[in-house]
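Worksheet: one structure, shown below.
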There are 2 protein chains.
Amino acid sequence: MAYLQHDVSGQFGDVRGGPRQLARAVQRTFEGFGSKASRFKAHDVVYYQGDEAKRLYQLVSGTIMLFKLLPDGRRQVVEMLRAGDIFGLASGEEYDCTAETLTEASLHEVNLKQVEGSTEMQRQLMKCLTNQMSSLHEHTVLLGRKSAVERVASFLMYLVPNRGGGVGCLGPDPALAEDTCDLQLHMTRQEIADYLGLTIETVSRVVSDLKRRGVIRIDRADKIHLNRVCSLCQMTGIH
Amino acid sequence: MAYLQHDVSGQFGDVRGGPRQLARAVQRTFEGFGSKASRFKAHDVVYYQGDEAKRLYQLVSGTIMLFKLLPDGRRQVVEMLRAGDIFGLASGEEYDCTAETLTEASLHEVNLKQVEGSTEMQRQLMKCLTNQMSSLHEHTVLLGRKSAVERVASFLMYLVPNRGGGVGCLGPDPALAEDTCDLQLHMTRQEIADYLGLTIETVSRVVSDLKRRGVIRIDRADKIHLNRVCSLCQMTGIH
DNA sequence: CGCAAGTTTGATACCATTCAACTCCGGTGG
DNA sequence: CCACCGGAGTTGAATGGTATCAAACTTGCG
């Protein structure tokens, strides 16, 4: 792992809000407070499930996934993180998930001790955790109760800026809202499948079906154009 | 809702550790700090999904479930809470889940303002949230990747004191560990199904099958005796 | 006793998985 | 330049696990 001193504060501007249920400003929680900046390439592991949990991280830019493995190799991606999100909290001595980058990513990292000493950090950290908890709840519903089509539709809507596929959906009013959107997934079909609790084939089939129905257009495997955002939103199970 | 002044501090003794991955002491986080005690009957709603989120709660004794509903009636129980757990945090203005008691329950409740003013409270709150987050991760794996049998087995193990069906499992050594256990579920088959992402019939079938195989004995629908804890543990998918 | 709610069991249907073959694409080297 | 290769993705056919629908059973209680 390379720890580069690198000024990343300006990159918060990249975030265009959104994928959480409610748009929220990205918190610079860990900036200052003696945090250390670090940078990772795509597909790097920040830490492994089982590693000693001694650091806390905040994602500054890029995307990271947290996943867990079962002994027989089954994998479940439990969280998809983006700018502002916190990770690395552990209830025991060890991390309960592996953290792996999907894209280039820059982080702020702090010692657990530092957090315990700072009221301000704790205050902001709580806000981040609350948001992530809410996302986890939403994802729990997806995994427990949604069909394959609903899962993929929810996933795509989750990537639409200022939508979140959920409560804040603007509804089918083409006059007010842009009804098309370009998405860059940064994920393989396998990663999507492991996130949605499906197999790679099922994800592929659903995506092909959405294409056949004219809801989306596939430019490259990981570049998808949404022709009709509202139609897609109707398929999430939330309406 | 009835807010009774009631001293419940002694009831922490009821908790025999356990259902989290790692045994942990129950935190009296909200005791003092100007918190108000309240008490609920079984099957009471503490708040509804969509209610204005103005209070934070800590469960002192009893069991509470948090669930979300899809518009067509599908329900997913997203968290099962027990003594020490915190609930009521919301990323927006409204609660994202409904909180309903499974048993009689006593709570401590505080205003959000009070929490923001207390460093000590925030510190302890973070510890609680970390534990709950870890449980959510575990449950995500269950919903995304486990079979019906594995889900039910995991659920039952989750109720075994000092086990948690997980990392802390003592392994198949009948000499060291008690290999039987009596469980009181406090949940209907429907609630279990909605927690495990299954149907009521599937839960019933799996339970009947475990009985047929001699792994469990059913005393009443919600009173289950585990004949062979280790065998059950082997069925969770964790081994 | 007889109802009502919860649970169990059976028959069948269907959705997602599994296994296998094929396509597509980018990179490499003859 | 193009043949070849490997990895990722797509598609097809068959299977199987869980859902669905329906009926019978159990339990508690007025």
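Atom set for the values below is all heavy atoms of this structure, side chains included, hydrogens, waters and symmetry mates excluded. In the text below, chain A, chain B and the rest are named by the order of the sequence lines, each starting its count at 1.
Taking only side-chain atoms of A/T199, from C-beta outward, the nucleotide of C/dT18, C/dT9, C/dT7 with the closest atom is C/dT18. Proximity note for B/A221 (side chain, C-beta onward) versus C/dT7, D/dG9, C/dA16: the nearest is C/dT7.
The distance from atom CD1 of A/I216 to atom P of D/dG9 is 14 Å, rounded to the nearest whole Å. The nearest whole Å value for the distance from the CZ atom in B/R220 to the P atom in C/dG6 is 15 Å. Between the C1' atom of D/dA8 and the CD atom of A/E201 lies a distance of 12 Å, rounded to the nearest Å. The NZ-P distance, from B/K146 to D/dG17, rounds to 18 Å in whole Å. Summarising the geometry, the separation between CD1 on B/I200 and P on C/dG6 is reported as 9 Å, rounded to the nearest angstrom. Atom CE in B/M187 sits roughly 11 Å away from atom P in C/dT7 (whole-Å rounding). To the nearest angstrom, P of C/dA5 lies 16 Å from CD of B/E191. A straight line from CD of B/E150 to C1' of D/dG17 spans 12 Å, rounded to a whole angstrom.
Residues B/R74 and B/D194 form no side-chain contact, since every pair of their non-hydrogen atoms from C-beta on lies 4.5 Å or further apart.
As judged by a 4.0 angstrom heavy-atom cut-off over every strand, A/T202 is placed among the base-contacting residues. If you check every strand for non-hydrogen atoms under 4.0 Å, B/S204 touches a base.
When each of B/D209 and A/V149 is assigned the nucleotide of DNA chain C bearing its nearest heavy atom, the one mapping closer to the 5' terminus is B/D209. Of the residues near DNA chain D, A/R145 and A/R189, the one whose nearest nucleotide (by heavy atom distance) lies more toward the 5' end is A/R189.
Ring geometry, B/Y95 versus B/Y47: the interplanar angle falls under 30°, so the pair is classed parallel (tilted spans 30 to 60°).
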- Residues B/L129, B/L89; criterion side-chain contact (heavy atoms from CB on, under 4.5 Å); working and verdict: CA-CA 10 Å; B/L129 288 186; B/L89 276 170; 3.4 Å; yes
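Distance check: A/L70 CG to B/E150 CD gives 7.5 Å after rounding to the nearest 0.5 Å.
The phosphate of D/dT10 has neither OP1 nor OP2 within less than 4.0 Å of any side-chain N or O from A/S208.
Remark: the A/R205 side chain and the D/dG12 base include a donor-acceptor N/O pair separated by less than 3.5 Å.
Between B/Q184 and B/D222 the shortest heavy-atom distance is NE2-OD2, 3.2 Å.
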